[in-house]
There are 2 protein chains.
Amino acid sequence: MTRPELSLAPLHAFVVLAEELHFGRAAARLGIAQPPLSQQIRRLEDKVGHPLFTRTPGHTALTPAGRELLPAARRALEDLADGLAAARAVGGGSAGRLRVAFAASLALTVLPPLLRAYRDRFPDVHLDLHELTTAPQVAALHDRTVDLGLLREPPGEADLDTTTVHTERFVAVLPSTHPLATRRTVPLALLADDPFVLLPRAAGPRFHDRIIEACAAAGFTPRVAQRAVEWQTVCALVGAGLGVSLAPEGIRHLRLRGVAFRATTPDTVRTEVVAAWHKDDPNPLVAHFRAVIDDLRPSWTP
Amino acid sequence: MTRPELSLAPLHAFVVLAEELHFGRAAARLGIAQPPLSQQIRRLEDKVGHPLFTRTPGHTALTPAGRELLPAARRALEDLADGLAAARAVGGGSAGRLRVAFAASLALTVLPPLLRAYRDRFPDVHLDLHELTTAPQVAALHDRTVDLGLLREPPGEADLDTTTVHTERFVAVLPSTHPLATRRTVPLALLADDPFVLLPRAAGPRFHDRIIEACAAAGFTPRVAQRAVEWQTVCALVGAGLGVSLAPEGIRHLRLRGVAFRATTPDTVRTEVVAAWHKDDPNPLVAHFRAVIDDLRPSWTP
DNA sequence: TGGCGTGATATCTCTAAACGTATGACGCGA
DNA sequence: TCGCGTCATACGTTTAGAGATATCACGCCA
């Protein structure tokens with residue numbers, strides 16, 4: 001790439017003159033007087049080294065050299081105008097690409113309204129969605145393969161900022177044949193002797209610990225009979241009678257046969273859905289997504 | 001087309017910096033000090049309205065907006081560099097398109113070496129060749145659908161300039177059975193009583209008149225028994241015994257069976273092949289073609 | 001032949017910005 | 001904690017060129 005020999009202003013004048021083929025009218029369209037236009041064209045011709053127009057009295061026409069330069073000039077001007085507009089759109093956050101990771105269970109609850117609201121406001125932003133559990137999300141945020149993550153419980157990493165999207169109560173997941181399934185609400189302590197089906201702790205340590213804490217507060221340590229990586233599987237195992245479980249309220253949307261979801265007491269035990277992003281990420285799309293979260297928060301936390 | 005908001009110099013700096021991702025090295029490549037580069041980039045960012053680079057100590061990187069602008073800037077710079085080079089080539093006459101008309105009979109004689117020499121010297125010039133008789137050539141030169149014409153006898157038009165490419169003697173075209181075919185040279189006067197086969201006068205009035213004049217100088221007016229639009233046909237008709245003809249020496253190349261070409265006396269009667277072009281045509285390709293004609297002229301006029 | 005239209009020229013002003021030197025801020029690694 | 005690398009800032013100089021007005025040159029047509 002070599003140093004540019006021309007400037008855009010004279011090239012614009014050139015293009016306009018090539019369209020008008022009349023110095024007076026072209027100057028008017030450019031909003032300048034006629035002499036400066038003559039000068040600009042002359043300077044341009046000096047730089048090119050050859051005349052670009054033939055000026056016969058009463059008729060201005062392009063020379064072959066001018067005809068050769070015209071399409072290039074036009075393309076360059078259009079490219080730059082388009083590129084500038086695109087850069088502004090991206091810079092202003094009204095266009096671009098935002099990479100969002102989310103925990104699988106959120107696809108049933110907060111994710112759809114969030115995406116719909118965001119898309120309504122920024123239709124020119126392309127969303128790359130990645131379903132990931134907590135640990136991979138943190139890693140992805142770390143090496144910048146993802147701009148924003150939606151996960152259960154704040155990850156507590158120094159270089160990540162978070163905001164709460166939503167807090168949920170826990171529900172007890174019971175086989176429908178379970179004696180407690182006849183009650184509307186289940187005190188946690190009554191589950192002390194049941195075997196538990198839980199997610200592996202590594203998938204989301206903080207969330208897992210929250211469950212253990214809740215049980216501890218109720219006076220027992222859950223006996224884990226089985227682990228499964230997805231809520232779908234956890235609930236299916238519960239339905240098969242392998243045990244009970246504690247799950248965020250949103251899991252109710254799964255509606256599996258043979259599985260009952262019951263509110264638990266005390267209802268002080270809650271779990272958070274949070275958004276996380278790289279601290280000081282200058283990407284305006286991230287800020288916009290956060291704004292959408294802030295706007296929607298009241299709508300699902302009554 | 002709207003007024004350009006950017007200039008090329010800063011865009012060039014932007015592209016170089018985007019390649020180097022290092023202000024010091026980019027400045028060195030641009031041949032300037034580092035502070036001016038910082039300023040140019042800052043001004044550019046001000047115009048765009050958003051940062052184009054993230055400057056974290058030890059690392060300079062493109063922002064999404066910068067990534068968006070980069071290809072447009074690169075394309076614009078390349079387009080203009082290419083366009084400028086092309087315009088210069090065309091303006092300097094080393095490239096472009098030259099439209100040449102020629103009389104059909106010249107395709108056998110002067111045209112091939114002329115085109116070969118021209119093409120050797122200006123390989124990037126595209127030649128549009130049109131076979132036309134004299135009158136259409138003059139018309140085409142007039143409305144600029146042709147840049148240069150090659151024809152027999154100067155057209156004598158006020159707005160056309162001409163140069164002689166070549167002068168030729170006339171040869172008698174005889175059936176090989178004709179009594180005069182036994183001679184090496186044929187005095188024109190001996191053809192006084194033969195019927196003539198000639199081109200239509202309208203195809204090239206001056207050339208036609210030249211033949212009539214030659215006969216008049218020999219003391220007779222040719223009796224035209226037949227007209228034909230092409231030399232090929234004229235000679236075929238002569239071979240068929242419909243008469244004799246007078247033709248420029250170059251027609252010998254036709255070499256038809258049953259037709260003899262014989263030199264004529266007096267040899268003062270000659271015909272000119274001329275090139276014609278619009279007076280004051282600024283097209284350098286025309287000038288170059290004329291130069292090639294001038295260079296080649298000695299080679300075929302001994 | 002004298003206006004009219006068109007473009008070129010002359011001259012002046014003014015500003016943006018290109019560039020340099022000197023220096024400051026800041027994180028990072030020894 | 002002290003350099004070092006890296007980029008930003010401050011400030012001054014210089015220049016290209018964009019713009020204006022006034023005027024000239026020239027062909028054309030009434």
Side-chain angles (χ1 to χ4, degrees), chain A residues 2-48 50-63 66 73 77 158-159 278-280 282, chain B residues 2-63 66 77 80 158-159 279-280 282:
Chain A
T2 166
R3 191 189 204 87
E5 297 184 60
L6 310 176
S7 328
L8 287 181
L11 281 169
H12 180 222
F14 165 67
V15 170
V16 170
L17 179 58
E19 280 165 11
E20 296 290 343
L21 293 178
H22 187 288
F23 279 74
R25 280 198 303 276
R29 244 183 73 184
L30 291 165
I32 61 175
Q34 168 261 317
L37 175 59
S38 285
Q39 288 177 11
Q40 283 209 42
I41 298 298
R42 213 180 66 78
R43 268 193 298 272
L44 188 59
E45 288 175 325
D46 285 350
K47 283 187 185 158
V48 172
H50 305 280
L52 299 170
F53 294 94
T54 58
R55 292 91 149 159
T56 51
H59 216 68
T60 300
L62 277 169
T63 62
L77 288 169
D159 53 350
H278 218 97
K279 196 171 286 219
D280 304 323
Chain B
T2 165
R3 192 189 203 88
E5 297 183 59
L6 310 176
S7 328
L8 287 181
L11 282 169
H12 181 222
F14 165 68
V15 170
V16 171
L17 179 57
E19 280 165 10
E20 297 289 343
L21 293 177
H22 187 290
F23 279 75
R25 281 199 301 276
R29 244 183 71 184
L30 290 164
I32 61 176
Q34 169 262 318
L37 175 59
S38 285
Q39 290 176 11
Q40 283 208 43
I41 299 297
R42 213 179 65 78
R43 268 193 299 273
L44 189 60
E45 288 175 326
D46 285 350
K47 284 188 184 156
V48 172
H50 305 279
L52 300 171
F53 294 94
T54 57
R55 291 91 149 161
T56 51
H59 215 68
T60 300
L62 276 170
T63 62
L77 288 168
L80 283 184
D159 54 350
K279 194 171 287 214
D280 303 322

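Order of the sequence lines sets the chain letters (A, B, ...), proteins ahead of strands, with each chain counted from 1. In this text the structure is predicted, and so the values were computed from the model without any measurement.
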Give the rounded distance in Å between these two atoms: CG of A:L37 and P of D:dT21.
15 Å

Sub-4.5 Å side-chain heavy-atom contact between B:R55 and B:I41:
yes

Side-chain touch B:R42/B:D46, heavy atoms, less than 4.5 angstrom:
yes

Measure across A:L21 and A:A61 and return the closest heavy-atom pair with its distance rounded to 0.1 Å.
CD2-CA, 4.0 Å

Side-chain donor-acceptor pairs of residues 7-19 of chain A under 3.5 Å, sequence neighbours excluded:
residue, atom, partner, partner atom, Å
A:E19, OE1, A:R29, NH1, 3.2
A:E19, OE1, A:R29, NH2, 2.9
A:E19, OE2, A:R74, NH2, 3.2

Indicate, with a heavy-atom threshold strictly under 4.0 Å, whether B:S7 touches base, sugar-phosphate, or nothing.
nothing

Rounded off to whole Å, could you give me the CZ-to-C1' distance for the A:R43 and D:dT15 pair?
13 Å

Hey, where on DNA chain C does chain B first and last touch, going 5' to 3'? Cut-off is any atom under 4.0 Å from a heavy atom.
C:dA17 to C:dG27

Determine whether a donor-acceptor pair (one donor, one acceptor, N or O, separation below 3.5 Å) exists between the side chain of A:Q39 and the base of D:dA18.
no

Side-chain N or O of B:H59 closer than 4.0 Å to phosphate OP1/OP2 of D:dT6
no

To the nearest Å, how far apart are A:L11 CG and D:dG17 C1'?
14 Å

Between C1' on D:dC7 and CD1 on B:I32, what's the gap in Å once rounded to a whole number?
14 Å

Round to the nearest Å and state the distance from B:R42 atom CZ to D:dC11 atom P.
14 Å

Let me know the distance between NE2 of B:H22 and P of D:dC7, rounded to the nearest Å.
5 Å

Less than 4.0 angstrom between a side-chain N/O of A:K47 and OP1 or OP2 of D:dA16, yes or no?
no

Given the rule in the side chain to side chain contact (heavy atoms under 4.5 Å, CB included) test, do B:L62 and B:F53 qualify, once you have shown the distances and angles that lead to the verdict?
CA-CA 4 Å; B:L62 276 170; B:F53 294 94; 3.5 Å; yes

Contact class for A:T56 vs. all strands (heavy atom < 4.0 Å): base, sugar-phosphate, or nothing?
nothing

Does A:H278 reach the side chain of A:D159, with side-chain heavy atoms less than 4.5 Å apart?
yes

Can you see which heavy atom on B:L52 is nearest to which on B:E45, and at what distance?
N-OE2, 2.8 Å

Pick the closest DNA chain D nucleotide for B:P36 and for B:R25 by heavy atoms, then say which residue is nearer the 5' end.
B:R25

Atom CG of B:L30 to atom P of D:dC7: distance rounded to whole Å?
14 Å

Could you state the atom-to-atom distance from CD of B:Q34 to P of D:dT9 in whole Å?
11 Å

